[in-house]
Structure formats: structure tokens, C-alpha cells
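In this text the structure is predicted, and so the values were computed from the model without any measurement. Residues: numbered from 1 along the sequence shown.
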Amino acid sequence: MSAPPQLTPATAAADLEEIIRLAVETLRQAPEPAAWAAKAGSLDWTCWETAEHLADDLFAYAVQLGLTTPPLDVDVPFVVESRRPGGPGNAVHADRAAGVTGLMQVLQASGALLVAMVRTAPPHARAHHGFGPADASASAAMGLTETLVHVHDLAEGLGLAWDPPAGVCARVLARLFPDAPRDTDPWTTLLWATGRAELPGRPRLTRWRWHNTPASQQS
């Protein structure tokens with residue numbers, strides 16, 4: 001079996017930039033603004049809330065990677081709030097008056113922040129995360145995972161097609177999910193690894209996590 005593809009900060013930033021572009025192009029095809037009130041796939045959030053949550057994830061990973069003032073093992077203390085009981089708690093919220101166009105701008109801008117941070121972060125930079133400190137490549141891979149799977153959720157809710165590049169999915173799996181199978185379709189495998197699909201001979205996951213081990217410590 002060939003060695004798993006490597007996700008360096010440079011390739012990770014390029015992958016993330018491309019996936020954010022594809023995500024925005026896809027989501028802009030939603031048939032009508034009212035569709036954003038539908039549930040996003042199997043989530044309990046609306047499509048609008050899920051897109052805000054995704055933008056918030058990308059923003060959060062960017063600012064965590066930029067933190068240099070101790071303590072470094074905490075979340076940067078932006079105000080996080082939910083706009084309704086059961087809704088996602090975000091620091092980032094889109095102005096509803098700006099409509100879906102504004103929502104997509106918020107998503108694209110948050111993604112651009114993470115891309116820029118990954119490209120400029122020094123090798124020793126580490127971002128705090130509950131799954132372990134993340135270097136630049138892991139931070140980008142986390143953003144890629146969030147974007148790939150949440151756009152999947154959104155596409156289900158909005159009735160859109162979403163089939164991301166297999167190479168990107170394979171690189172994310174190799175970086176964050178070292179125990180995932182390598183002889184199956186990368187996109188289906190990533191959905192399986194995040195509890196959204198089944199693989200032949202493997203039960204659907206009800207709990208999952210990724211692994212942020214710095215690239216310099218991976219074998």
C-alpha cells in the first residue's frame with residue numbers, strides 16, 4: 001500500500017481555500033431563501049444556523065492559531081451566544097438583513113482568515129483544541145473536516161449535490177484520522193469517520209474524534 005498523502009501547511013492552506021470556494025459556489029445554488037430554515041441533514045440546527053456554526057468554527061481555529069499570550073491552553077474569550085434554545089453557540093453571527101449573500105460572505109471571510117493564519121503561522125505555533133494542541137496543518141485539516149461534513153449536512157437540507165475532491169478527503173483522513181481505512185472511497189470514509197455514513201463491514205459511528213498530533217511527531 002502506498003504511503004498516505006501528506007498535508008503540509010502549504011498544501012493544507014491551498015486545499016482549504018479551494019474547498020471554501022467550492023462550498024460557497026455550491027450553497028449559493030440553494031433554490032430560495034426560505035430553504036435556509038430547513039434542518040441541515042441529521043442536525044437539529046437549521047441550514048442558516050449550520051452555516052453560521054461553520055463560519056464560527058473556521059474563525060475560532062484561525063484565532064486559536066494566532067494566540068501567543070499565555071495562557072495558551074484556553075479558548076480565546078470571545079463572547080459566545082446562542083440565538084435560540086438548542087441553537088449553536090457562536091461568536092460569529094451573520095446579519096439576517098444581509099440575506100444569504102451576506103451569510104456566504106461571512107463564511108468565505110472566516111475561511112480566508114484560517115487560510116491566512118495557516119500560511120503565516122510559525123512551525124512552533126499550536127492552537128488549543130479539546131482533541132489536543134493543533135499545529136498549522138492540523139488546524140487547516142480541522143477546518144477542512146468541518147467544511148466538508150457541514151456542507152454535506154447543508155446540501156442534504158437544501159437539496160443540493162456535494163461531492164468534494166477525493167484527494168482532499170484522503171489528505172484530511174491521513175492527517176486527522178490515522179485509524180480510518182485506506183482502501184475505501186475517501187469521501188465516504190470521511191463521512192463514516194464523522195458519524196454520517198456506513199462502510200461495509202463497519203458499524204456506523206455514534207462517537208468519534210480526530211487526532212491533532214503535530215506532523216513533526218507522526219511516524
Side-chain angles (χ1 to χ4, degrees), residues 16-17 19-28 30 33-67 69 71-118 121 126-134 138-158 160 162 172 176 194-196 207-210 212:
L16 182 59
E17 190 171 46
I19 292 302
I20 293 293
R21 182 186 67 79
L22 292 174
V24 171
E25 287 181 358
T26 297
L27 296 175
R28 288 178 63 185
W36 289 85
K39 296 293 185 183
S42 61
L43 304 181
D44 292 330
W45 303 332
T46 68
C47 290
W48 183 284
E49 290 172 335
T50 302
E52 282 187 326
H53 167 77
L54 173 55
D56 186 77
D57 281 338
L58 297 169
F59 170 82
Y61 297 157
V63 298
Q64 290 296 147
L65 192 59
L67 188 65
T69 303
L72 303 181
D73 57 348
V74 296
D75 292 328
V76 180
F78 288 94
V79 174
V80 174
E81 61 182 7
S82 175
R83 295 293 172 86
R84 69 169 181 87
N90 298 335
V92 173
H93 296 272
D95 183 355
R96 294 262 180 174
V100 176
T101 297
L103 178 62
M104 291 299 98
Q105 290 177 326
V106 168
L107 176 57
Q108 187 176 55
S110 292
L113 285 175
L114 181 54
V115 169
M117 288 303 303
V118 170
R126 296 292 183 270
H128 169 68
H129 190 273
F131 290 166
S139 294
M142 293 191 302
L144 280 163
T145 300
E146 300 283 6
T147 305
L148 291 164
V149 302
H150 280 315
V151 175
H152 166 78
D153 300 329
L154 287 161
E156 285 192 340
L158 296 168
L160 302 172
W162 175 242
V172 170
L176 295 185
T194 54
R196 288 168 168 82
R207 299 182 64 183
W208 56 273
R209 60 161 294 164
W210 57 65
N212 288 338

Legend entry - Contact check, side chains of D57 and H150, non-hydrogen atoms, under 4.5 Å: yes

Legend entry - Separation between CH2 of W162 and OG1 of T147, rounded to the nearest 0.5 Å: 8.0 Å

Inset, instruction - Could you tell me whether the side chain of I19 reaches within less than 4.5 Å of the side chain of V151, counting heavy atoms only? - result: no

Inset, instruction - Would you mind reporting whether L72 and R126 have side-chain heavy atoms less than 4.5 Å apart? - result: no

Legend entry - Inter-residue atom distance W208.CH2 - T145.OG1, 0.5 Å rounding: 7.5 Å

Inset, instruction - State the CZ-CD distance between F59 and Q64, to the nearest 0.5 angstrom. - result: 9.5 Å

Legend entry - Rounded distance (nearest 0.5 Å) linking atom CD of Q105 with atom OG1 of T101: 7.0 Å

Inset, instruction - Could you check if a side-chain atom of L160 sits within less than 4.5 angstrom of a side-chain atom of L154, using non-hydrogen atoms only? - result: no

Inset, instruction - Compare all side-chain heavy atoms of V149 with those of R196 and state whether any distance is below 4.5 angstrom. - result: yes

Legend entry - Side chain proximity check, W36 to L103, heavy atoms < 4.5 angstrom: yes

Legend entry - Inter-residue atom distance M104.CE - T26.OG1, 0.5 Å rounding: 10.5 Å

Legend entry - Under 3.5 Å donor-acceptor, H93 side chain and E81 backbone: yes

Legend entry - Test item: N212 and L176 side chains (from C-beta on) under 4.5 Å apart, heavy atoms: yes

Legend entry - M142 side chain reached by L114 side chain, heavy atoms, under 4.5 Å: no

Inset, instruction - Taking only Lys NZ, Arg NE, NH1 and NH2, and the carboxylate oxygens of Asp or Glu, determine whether R21 and E17 approach each other closer than 4.0 Å. - result: no

Inset, instruction - Inspect the contact between R83 and E52 and indicate whether a charged nitrogen and a carboxylate oxygen are less than 4.0 angstrom apart. - result: no

Legend entry - Crowding at CD, Q108 (>12 non-hydrogen neighbours, <6.0 Å): no

Legend entry - Whether S82 side chain and G87 backbone form a donor-acceptor pair below 3.5 Å: yes

Inset, instruction - Verify the distance criterion only: is there a donor paired with an acceptor across the side chains of H53 and D56 at less than 3.5 Å? - result: no

